[in-house]
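Structure below; questions to follow.
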Amino acid sequence: MPTKHDGFIKAQLLRPFVDLAMARGCTVDAALKLYGLTRTDLRDPEKAVHAEIIYGLTNTLAEKAKDPHLGYHVADSFDMKTWLPTQDAFENACTIGDYYTRFLLNVPQQASSVRHSLTVTAPHASYSVTRTVQTHQRPVQVEGFGIGLHIRTLRHLSHAHWQADLVHLETPYPEALPKMPTGVNIEHSNVSGLSLTFPSSWLTLPVQPQDSSPNRPSTSAASASRDISIISTLRTAARPLLDDRTLTEQDFADALGLSLP
């Protein structure tokens, strides 16, 4: 446990949010200071802060990055094997059920603001995250991160067996997801937390050693690699604008610092 009191989260879990915001060109020090934090705090394995601060800071970073779905995009942008709550599970799990068990046991060491549970019946298994504290700040970006993380993880672990239409997600914050097809069934819930339901038979599937870093095309040619990096950078910069259907080609060009031919 990060603390004997409910509602606290390890500050270092904020690093993926800060890293992506900085990659988007945002200055984060003022936002951190607003919530009484520094970049040094994010490297301190013992530093724990209340969920109110975590929710407020991640929402502020989303505003600075002009990305209402920053949390979801954070979950899609980092190496899950290096993130503390998932590190042991990815390194040592033999089956999907083993992965979820290890993850469930490890999470309380990083946060006391939520409770995780795995419920298994004959047809379905449900992994649920329930918040234990009430806050003034709405946990929209943290919810988006959780949704993105759990969908990406399950898709990664099930690999060739993945069928999005067999997966059901319940969340009180569906607005945390970008308007892009995931294939997953999404339903609004009044419960404070999220629930991901999938076939219980998937729990017995073996975990195959795969790369858990963000998907990136590989090439042996240095010039092609540079081109891909440029394209990836442009896509990352443009993604927050894609939901606004009123923007023109010129608006996108201006936002990306480009000129139209």
Side-chain angles (χ1 to χ4, degrees), residues 1-20 40-49 51 54 58 71-120 125-132 139 141-162 167 169 193-216:
M1 279 287 196
T3 173
K4 63 182 180 181
H5 301 293
D6 283 345
F8 284 76
I9 303 172
K10 288 289 184 71
Q12 61 186 350
L13 300 187
L14 284 165
R15 289 182 65 179
F17 282 87
V18 171
D19 289 345
L20 184 59
T40 302
D41 291 327
L42 306 188
R43 295 190 294 270
D44 183 353
E46 301 303 321
K47 179 74 173 181
V49 295
I54 299 288
T58 53
Y72 185 90
H73 294 144
V74 168
D76 202 36
S77 67
F78 75 111
D79 189 340
M80 295 182 289
K81 283 185 178 178
T82 66
W83 196 56
L84 283 177
T86 55
Q87 189 175 50
D88 172 72
F90 268 111
E91 290 179 354
N92 299 302
C94 299
T95 65
I96 293 180
D98 186 14
Y99 170 89
Y100 279 110
T101 300
R102 290 175 180 273
F103 180 64
L104 185 151
L105 293 173
N106 189 50
V107 164
Q109 307 304 317
Q110 309 298 326
S112 63
S113 62
V114 291
R115 290 197 180 98
H116 292 242
S117 62
L118 177 64
T119 305
V120 183
S126 295
Y127 195 91
S128 302
V129 182
T130 305
R131 291 189 174 84
T132 61
Q141 298 308 319
V142 170
E143 183 82 355
F145 175 80
I147 292 170
L149 176 70
H150 287 288
I151 290 178
R152 181 183 168 200
T153 298
L154 186 58
R155 184 173 61 223
H156 172 84
L157 294 174
S158 58
H159 200 38
H161 296 270
W162 169 257
V167 180
L169 172 73
L194 63 89
S195 176
L196 192 69
T197 301
F198 52 92
S200 54
S201 59
W202 288 7
L203 293 173
T204 64
L205 295 174
V207 173
Q208 302 294 332
Q210 306 169 51
D211 183 10
S212 64
S213 59
N215 292 328
R216 296 186 181 92

Fill in the blank from the handout: Distance col, row Tyr127:OH vs Phe103:CZ, nearest 0.5 angstrom, shows 5.0 Å
Exercise for the section: Please round to the nearest 0.5 Å and tell me the distance separating atom CG of Leu169 and atom OG of Ser195. Expected result: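 Those atoms lie 8.0 Å apart.
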Problem - Results of side-chain hydrogen bond (donor to acceptor under 3.5 Å, both in side chains) for His150 - residues two or more places apart only - result: none
Fill in the blank from the handout: Sorted by chain and residue number, the side-chain hydrogen bond (donor to acceptor under 3.5 Å, both in side chains) partners of Arg131 (sequence neighbours excluded) come out as Tyr55, Glu143
Exercise for the section: Hey, could you give me the OH/CZ distance between Tyr99 and Phe90, rounded to the nearest 0.5 Å? Expected result: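 One gets 4.5 Å once the value is rounded to the nearest 0.5 Å.
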Problem - Results of side-chain hydrogen bond (donor to acceptor under 3.5 Å, both in side chains) for Thr153 - residues two or more places apart only - result: none
Problem - Shortest non-hydrogen contact from Ala93 toward Val207 - result: O-CB, 3.9 Å
Exercise for the section: Taking Arg115 for its side chain and Val129 for its backbone only, find out whether a donor-acceptor pair lies under 3.5 Å. Expected result: no
Handout entry: Pairwise distance CD1(Ile96) to CG(Leu205) - rounded to 0.5 angstrom
Key = 4.5 Å
Handout entry: Under the side-chain hydrogen bond (donor to acceptor under 3.5 Å, both in side chains) test, residues paired with Asp19 that sit two or more places apart
Key =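 Testing Asp19 for side-chain hydrogen bond (donor to acceptor under 3.5 Å, both in side chains), a comparison that skips the adjacent residues, returns none.
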Completion exercise
Rounded to the nearest 0.5 angstrom, the NZ-CZ distance for Lys47 and Phe8 is 10.0 Å
Handout entry: side-chain contact (heavy atoms from CB on, under 4.5 Å) between Trp83 and Phe78, worked out
Key = CA-CA 8 Å; Trp83 196 56; Phe78 75 111; 3.3 Å; yes
Handout entry: Student check: side-chain heavy atoms of Leu13 and Pro85 closer than 4.5 Å
Key = yes
Exercise for the section: Flag the pair Val74 / Gln141 as yes when at least one side-chain heavy-atom distance between them is below 4.5 Å, and no otherwise. Expected result: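 Contact flag for Val74/Gln141 side chains = no.
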Exercise for the section: Enumerate the residue pairs fulfilling salt bridge (charged side-chain N to carboxylate O under 4.0 Å, His left out) with a member in residues 94-109, sequence neighbours excluded, ordered by first and then second residue. Expected result: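 Matches after skipping sequence neighbours: Asp88-Arg102, Asp98-Arg102.
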Fill in the blank from the handout: Contacts of Phe198 meeting ring-ring contact (aromatic ring centres under 6.0 Å, His included) (sequence neighbours excluded), chain-then-number -> Tyr100
Handout entry: Spacing of Leu105 atom CG and His116 atom NE2 [to the nearest 0.5 Å]
Key = 11.5 Å
Exercise for the section: Report yes if the side chains of Phe17 and Leu42 come closer than 4.5 Å at any heavy-atom pair, otherwise no. Expected result: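 Result no, sub-4.5 Å side-chain heavy-atom pair not found.
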Handout entry: Side chain Ser112, main chain Gly7, donor-acceptor under 3.5 Å
Key =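 Checking the backbone N and O of Gly7 against the side chain of Ser112, a donor-acceptor pair under 3.5 Å is found.
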Exercise for the section: Run through Ile54, Val114, Val142 and flag the one making a side-chain contact (heavy atoms from CB on, under 4.5 Å) with Ile9. Expected result: Ile54
Exercise for the section: Report yes if the side chains of Lys81 and Thr86 come closer than 4.5 Å at any heavy-atom pair, otherwise no. Expected result: no
Practice task
Using a 4.5 Å cut-off on heavy atoms from C-beta on, say whether the side chain of Leu196 contacts that of Leu154.
Solution key: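 Leu154 vs Leu196: side chains touch.
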Exercise for the section: Measure the shortest side-chain to side-chain distance between Thr204 and Thr95 over non-hydrogen atoms and say whether it is less than 4.5 angstrom. Expected result: no
Problem - Leu84 versus Gln12, closest heavy-atom pair with distance - result: CD1-NE2, 2.8 Å
Problem - Plane angle bin for Trp162 and Trp202 - parallel if under 30°, tilted between 30 and 60°, otherwise perpendicular - result: tilted
